[in-house]
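These notes are about the structure you will find just below.
The figures here come from the full heavy-atom set of this structure, side chains too, leaving out hydrogens, waters and symmetry mates. Computed from a predicted structure; not experimentally measured.
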Amino acid sequence: MSHDIVRRVSRDLFRNLMKDEATLPLINRAFQGVGFAEPDPAASHEELGQRRGLTQAYLDAVDWTDERQVGRALRAFEWLLHGLSGPAVDNFFASLRRDGYLVDPSTGRITSAGPRFPAGSLANLKDPSAIREHLDRIQHAVVDDPALAIGSAKELIESTAKVALTERGLPVSDRDDVPKLADQAQRALNLHPSASTPGPDGTDPVKKILGAVTNIPVGLAELRNRSGTGHGPAATRAGLRPRHAHLAVNAALTWCHLVLDTLADPDAPWHKNP
């Protein structure tokens with residue numbers, strides 16, 4: 001089941017900022033400037049007052065489970081918050097951080113703190129829910145909990161490999177570890193460097209890159225066993241920083257992107273050599 005990318009508590013904090021910090025024309029320009037239609041007057045929230053009511057009407061029109069719409073709404077937020085400061089603004093930014101977003105203090109730009117796949121990568125999968133769950137966990141952990149982000153990155157590869165095998169109609173064993181599942185998924189999609197494939201997929205440069213990609217699940221599984229969540233450590237994990245989380249997450253994202261994009265590509269070699 002889809003969930004809101006930006007939580008209601010964050011949206012409420014933003015709405016309340018508009019009480020004193022924006023005019024009605026500015027609110028309209030900000031949201032309409034990123035493609036949202038002017039709200040129906042019947043949808044206004046008179047109990048909130050004019051400014052907060054108009055803002056809430058725009059917020060109600062956003063599908064908060066849709067990454068594209070959320071991205072547009074965040075651009076409107078940036079416009080309306082430009083140059084503002086104070087405790088209430090800081091509270092809103094802190095809430096956004098818990099949603100997995102960072103705010104650049106110099107530009108006001110709101111960006112994701114963790115990975116997201118393009119909508120098309122997951123659109124045709126029978127059940128992408130496990131992948132979405134791990135992405136969401138990474139999104140919230142990559143800055144504040146590197147160990148959790150590393151563990152979730154390994155689990156993202158595991159879920160993606162299982163999804164790929166299932167989509168290909170192949171058996172999945174819960175007893176197989178991540179490196180084995182990833183190897184099976186790559187072979188099922190003719191992405192293993194040993195595969196004989198026509199076209200650019202079979203060239204030496206691509207095979208060299210695939211050889212490096214093949215090592216990602218192995219290295220990530222080892223890193224997770226030493227530093228991530230999921231195994232009780234013999235001693236306190238020391239020295240883990242967000243940069244270690246980003247290393248693990250970006251590596252996992254590279255592997256998963258390759259698998260999902262190949263799975264969705266109608267011209268990929270595995271379609272011709274099932």
Side-chain angles (χ1 to χ4, degrees), residues 1-24 26-37 39-40 43-117 119 129-149 152 229 242 245 249:
M1 182 177 179
S2 297
H3 62 278
D4 289 355
I5 296 171
V6 174
R7 298 165 302 145
R8 179 176 292 277
V9 63
S10 298
R11 287 149 27 206
D12 288 349
L13 288 170
F14 172 78
R15 178 201 64 207
N16 291 338
L17 285 170
M18 296 300 101
K19 178 182 178 182
D20 302 313
E21 304 293 354
T23 64
L24 296 177
L26 184 60
I27 295 169
N28 280 319
R29 284 200 302 273
F31 281 97
Q32 292 177 32
V34 293
F36 291 105
D40 186 332
S44 65
H45 294 263
E46 296 180 358
E47 74 282 2
L48 296 174
Q50 286 187 316
R51 296 173 183 176
R52 288 187 298 171
L54 178 61
T55 302
Q56 186 62 53
Y58 277 113
L59 297 178
D60 289 344
V62 178
D63 180 353
W64 293 100
T65 67
D66 184 292
E67 292 181 15
R68 292 187 180 91
Q69 291 197 35
V70 171
R72 287 159 50 205
L74 292 177
R75 302 292 79 76
F77 286 13
E78 291 170 357
W79 190 358
L80 289 165
L81 293 172
H82 181 69
L84 301 185
S85 61
V89 176
D90 291 341
N91 286 340
F92 169 65
F93 288 164
S95 187
L96 268 188
R97 182 184 175 101
R98 289 189 286 275
D99 290 326
Y101 288 92
L102 299 177
V103 182
D104 187 314
S106 61
T107 66
R109 182 77 173 175
I110 300 170
T111 57
S112 172
R116 293 192 184 277
F117 287 129
S129 58
I131 294 175
R132 293 187 188 279
E133 179 182 339
H134 295 312
L135 284 173
D136 180 66
R137 190 176 298 126
I138 291 168
Q139 184 88 355
H140 290 78
V142 70
V143 174
D144 297 321
D145 193 343
L148 177 58
S152 297
T229 55
V249 168

Kindly compute the distance separating CE (M18) from CZ (R52), expressed to the nearest 0.5 Å. 11.5 Å
Heavy-atom nearest pair, A149 first then V249, reads O-CG2, 4.1 Å
Using residues 79-88 as the side-chain source, report each donor-acceptor pair under 3.5 Å to any protein atom, sequence neighbours left out, with the distance given to one decimal.
none

Do any N or O atoms from the side chain of R109 and from the backbone of D104 form a donor-acceptor pair under 3.5 angstrom? no
With a cut-off of 6.0 Å (strictly less than), are more than 12 heavy atoms of other residues, nucleotides or ligands near CD of E78? yes
Results of ring-ring contact (aromatic ring centres under 6.0 Å, His included) for F31 - residues two or more places apart only: Y58
Heavy-atom pair of closest approach, residues R97 and L102: NH1-CD2, 3.9 Å
So do T65 and I5 actually touch side chain to side chain, heavy atoms under 4.5 Å? no
Okay, side chain of S95, backbone of N91: is any donor-acceptor separation there less than 3.5 Å? no
For S10 and D99, work out which heavy atoms get closest and say how close. OG-OD2, 2.6 Å
With sequence neighbours left out, write down each residue that passes side chain to side chain donor-acceptor pair (under 3.5 Å) with R15, or none if nothing qualifies. D12, Q56
If we ignore hydrogens and angles and just use 3.5 Å, is the side chain of R75 paired with the main-chain N or O of A30 as donor and acceptor? no
What I'd like to find out is whether the side chain of D60 reaches to under 4.5 Å of the side chain of H45, using heavy atoms alone. yes
